[in-house]
Enquirer: 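Handing you a structure now.
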Amino acid sequence: MTLDKRRAERIKTRLPVSVLLMHEKTETVLAGPVEGEARNFSPMGLSLSLANIMIDNYHLFFACQDKPSRILKIGFTLPEDPEVTIGVPARPIWYDRDKKSPGKRALLGVEFLLPPRDKVIKKLAKELFAAGKAPSSWWKKIF
């Protein structure tokens, strides 16, 4: 039996995202975007399925591990307002091959660089909660 060390419950989702590799201090885009899909969400981070882990000669996981000044910017387009994209800075914490999807997709786990009570994270959580998918236990904690 494995011990689950997650800090918050996760909800399954199929939210489209775009991912950029950026320099944290200068906010310069180094690579991307690559399209993907958020597979699960928590106020602390999410799991992504990406078309490719390599973008413009950068490996998204190792580029951030090798140089901590590099981060990912996850762009969310919410179903209720497709004209608005919400950007959330994140750091990758694990990656693997997506064996359940056809093709050579990659799975990437990221940790948000914003606190769970940040207004951007609250907005994402609110959108998912409004869809009836979010567990009420962490909904109550962050609001």
Enquirer: Would a hydrophobic clustering, with Ile, Leu, Val, Met, Phe, Trp and Tyr connected at side-chain separations under 4.5 Å, put V17 with I71?
Expert: no
Enquirer: Looking at I55 and V19, what are the two nearest heavy atoms and their distance?
Expert: CD1-O, 4.3 Å
Enquirer: Starting at CD1 of I86, measure out to CG of L124 and round the result to the nearest 0.5 Å.
Expert: 4.5 Å
Enquirer: If you compare all heavy atoms of G36 against all heavy atoms of R105, which two are closest, and at what distance to 0.1 Å?
Expert: CA-NH2, 4.2 Å
Enquirer: Is it the case that one hydrophobic cluster holds both F62 and Y58, taking links as side-chain heavy atoms less than 4.5 Å apart, direct or via other members?
Expert: yes
Enquirer: Which value, rounded to the nearest 0.5 Å, describes the distance between R70 atom CZ and L60 atom CG?
Expert: 11.0 Å
Enquirer: How are the rings of Y95 and F61 set to each other: parallel, tilted or perpendicular (split at 30° and 60°)?
Expert: tilted
Enquirer: Over all heavy atoms of both residues, which pair between F112 and P43 is shortest? Give the atoms and the distance, please.
Expert: CD1-O, 3.6 Å
Enquirer: Counting only N and O atoms by type, is there a donor-acceptor contact under 3.5 Å from the side chain of R39 to the main-chain atoms of S49?
Expert: no
Enquirer: Does R117 reach the side chain of K122, with side-chain heavy atoms less than 4.5 Å apart?
Expert: yes
Enquirer: Any idea which heavy atoms bring D56 and G32 closest together, and the distance?
Expert: OD2-N, 3.3 Å
Enquirer: For the residue pair L46 and F41, what are the closest heavy atoms and their distance?
Expert: CB-CA, 4.1 Å
Enquirer: Do other residues, nucleotides or ligands put more than 12 heavy atoms under 6.0 Å from Q65 CD?
Expert: yes
Enquirer: Test of understanding: clusters of I, L, V, M, F, W, Y form through side-chain heavy atoms closer than 4.5 Å, transitively. Do V110 and I121 belong to the same one?
Expert: yes
Enquirer: Find the distance between CG (L107) and CD1 (I53) and round it off to the nearest 0.5 Å.
Expert: 9.0 Å
Enquirer: Is the shortest heavy-atom distance from the side chain of E35 to the side chain of S18 under 4.5 Å?
Expert: yes
Enquirer: If hydrophobic clusters are built from ILVMFWY residues whose side chains come within less than 4.5 Å, do L30 and L113 share one?
Expert: no
Enquirer: What are the two closest non-hydrogen atoms of T77 and L15, and how far apart are they?
Expert: O-CD1, 4.0 Å
Enquirer: Would you mind reporting whether S69 and T26 have side-chain heavy atoms less than 4.5 Å apart?
Expert: no
Enquirer: Flag yes if M54 and V29 sit in one hydrophobic cluster, no otherwise; membership is Ile, Leu, Val, Met, Phe, Trp, Tyr, and two members link when side-chain heavy atoms are under 4.5 Å apart.
Expert: no
Enquirer: What's the separation between atom CZ in R14 and atom CG in N40, rounded to the nearest 0.5 Å?
Expert: 10.5 Å
Enquirer: Roughly how far apart are T28 OG1 and L20 CG, rounded to 0.5 Å?
Expert: 12.0 Å
Enquirer: Does a sphere of radius 6.0 Å around CG in D66 hold more than 12 heavy atoms from other residues, nucleotides or ligands, not counting ones at 6.0 Å or beyond?
Expert: yes
Enquirer: Who passes salt bridge (Lys or Arg N to Asp or Glu O under 4.0 Å) against E24, sequence neighbours left out?
Expert: R91
Enquirer: Say you draw a straight line from CE of M22 to CG of L72; how long is it, rounded to the nearest 0.5 Å?
Expert: 10.5 Å
